[in-house]
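First comes the structure, then the notes that go with it.
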Protein chains: 2
Amino acid sequence: MKIERLAIIGVGLIGGSLARALREKGVVGEVIGCGRGKENLEKAVELGVIDRYTHDIGEAVEGADVVFLAVPLSAMRTTFAAMKGHLSDNAVVTDGGSAKGSVIEDCSSVFGEALPNFVPGHPIAGTENSGVEASFAELYKDRRIILTPVSQTDESAIARVETMWRDCGAEVTRMLVVDHDRILAATSHLPHMLAFALVDMLSRLGDTEDIFRYAAGGFRDFTRIASSNPAMWRDICIANSDAVSTLVDNYAEEMKELASVIRSRDGEKLLALFDNAKQARDRYVDGLNQQAEPLPTE
Amino acid sequence: MKIERLAIIGVGLIGGSLARALREKGVVGEVIGCGRGKENLEKAVELGVIDRYTHDIGEAVEGADVVFLAVPLSAMRTTFAAMKGHLSDNAVVTDGGSAKGSVIEDCSSVFGEALPNFVPGHPIAGTENSGVEASFAELYKDRRIILTPVSQTDESAIARVETMWRDCGAEVTRMLVVDHDRILAATSHLPHMLAFALVDMLSRLGDTEDIFRYAAGGFRDFTRIASSNPAMWRDICIANSDAVSTLVDNYAEEMKELASVIRSRDGEKLLALFDNAKQARDRYVDGLNQQAEPLPTE
């Protein structure tokens, strides 16, 4: 089913790439962009990513049959509020937020209940770059999209969003909201916390310059994610606060225990831990290689 | 000054690459390999990395003017013991161990005092592969070699080792033993602990399969070092136990504090931490790019 009019709220890497992919596949009519930055939106028109734009969210969603929210997690609530009263009856709304419980809560708090036509989603895709100029049609090819519908969500709305993502070449799976937020906390949010905290700690040691000078390549790979967008990660931590803080706490316990094993020079325990980690990591990489898919960086 | 006879104790990636580099530069006469694995040593002869081999350490070092120890940290003490009484008077001994305090202690415990001709060293270089077949002459090109001589170390021995590494294309710097062990604990040992502990913890969560399935590319980079050699890392933890356990403890404290900031949803504090980390990391990468050197992976 072709999308007649798609409204993209937040025309950056994520929103822009969706528009490009659907256009390339020929499954979308008009694309309306909405955002705050005039320059970025004009660039989006110039690049042919969107047909026209407005800074008014209500205006943007009027007459749209599909609305995609690619705004920061901290802007979700006000975005829902601005849409209220402007959505067509049959409009399907979906989003790309990295945490799902908070977005569903934001939606319900504005509409008073879960919106049957809102399908919460999270494309596991991205690059280090941002802005519409960084967008490209293949971003979602062979990537996983996780949808986390709730019991009130309309099946035909889910089907519509699934079709949209499959048209972009993505693989769509459904997951419970809590599972999504717990699993992403473990595989994405926690590692980011570790990298941020490591670099932060090292930067506050006395001889930082020497420390960074003698860092080898492993350190560069390990800390790459500490160069991620600070405001986005603040939002994710707040949105997924419970799951992330619990894991960070558990991890702190694990590190305490590890420090004491290292202090007591218990070679057997150290070897068991490193062996287990290496085996799990090697299995993970083997699994990836079997999928034979290129990897998203985010 | 040409090396007449070089003895390599432990003919793997590190020892093999040294021999290859010196041969290519034409600054070494005979190369004697020593190790336990017959197959690896025969391969080393076949590849032209060494001229001949023995399984006996005492025999290997007899008549050598330079001896290079590339054995695991846990084997250093017995290696020094096996060398005792077989070294020529003018033989210079150096090593490639990732921790330096423990090697110096091992040496002193065997010889009763610091050996003036022993120059402790650490090449900051490596790859994910091991064994003589993984060795190559360019491994040390543009890499840093840290030497940590003590007050008793003979200046001419240091000069000889410096020349050897410069002949391999490396950049040699001197550092106090404690500085080396503290700086490496921060930039290499601690990150390895974080990665091992992360993968270990995730592998023990209930839904490991899902967790690894939905891990994106950032996770792969971040956990690459958790695929490192477990026995080698056990040895490093034991050898540099004080510095590493202190940092792991400090890090655990930092994580505890971070968990509480996330739990209280303190956006301002989170942003400050992530901002500081990103700026430090970006400065580090800028520094690397100015050096314009390719990076070692270890």
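In what follows, chains carry the letters A, B, and so on, assigned in the order in which the sequence lines appear, proteins first and then strands, with residues in each chain numbered from 1.
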Contact summary for A:A186 and B:L205, nearest pair of heavy atoms: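 Looking at all heavy atoms of both residues, the closest pair is CB-CD1, 4.3 Å.
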Taking every non-hydrogen atom, the tightest pair across A:K278 and B:P230: CD-CD, 3.5 Å
Pairwise side-chain contact, B:F274 with A:M193, heavy-atom cut-off 4.5 Å (strictly under): yes
Close side-chain approach of B:L247 to A:M201, heavy-atom, < 4.5 Å: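 Counting from C-beta outward, B:L247 and A:M201 do come under 4.5 Å.
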Tell me, out of [options], who's got the most heavy-atom pairs with chain B below 4.5 Å.
| options | answer |
| --- | --- |
| A:A197, A:S264, A:S203, A:A239 | A:A197 |
| A:S241, A:A280, A:A252 | A:S241 |
| A:D200, A:L190, A:V261, A:D266 | A:D200 |
| A:L270, A:L198, A:D282 | A:L198 |

Atom pair SG (A:C237) and NZ (B:K269), whose distance is rounded to the nearest 0.5 Å: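 Here the rounded value is 14.0 Å.
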Side chain, backbone, both or neither of B:S74 within contact of chain A (heavy atoms, under 4.5 Å):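 Neither part.
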Residues B:R263 and A:D242 bridged, charged N to O under 4.0 Å: no
Test: B:E253 and A:K256 ion pair at under 4.0 Å: yes
Which atoms of [X] approach chain B - backbone, side chain, both or neither, heavy atom under 4.5 Å:
| X | answer |
| --- | --- |
| A:S260 | neither |
| A:M175 | side chain |
| A:L273 | both |
| A:R204 | side chain |
| A:I146 | side chain |
| A:N250 | both |

Heavy-atom pairs under 4.5 Å with chain A, option from B:R224, B:E268, B:E257 with the top count: B:R224
Top contributor to chain A contacts, counting heavy-atom pairs under 4.5 Å, from B:R182, B:Q279, B:E254: B:E254
When you measure from the side chain of [X] to the backbone N and O of [Y], does any donor-acceptor pair fall under 3.5 Å?
| X | Y | answer |
| --- | --- | --- |
| A:S245 | B:I262 | no |
| B:R234 | A:A272 | no |
| B:Y251 | A:L194 | yes |
| B:R281 | A:R220 | yes |

Partner of B:F222 by ring-ring contact (aromatic ring centres under 6.0 Å, His included), out of A:F222, A:Y284, A:F196: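 Of A:F222, A:Y284, A:F196, ring-ring contact (aromatic ring centres under 6.0 Å, His included) with B:F222 is met by A:F222 alone.
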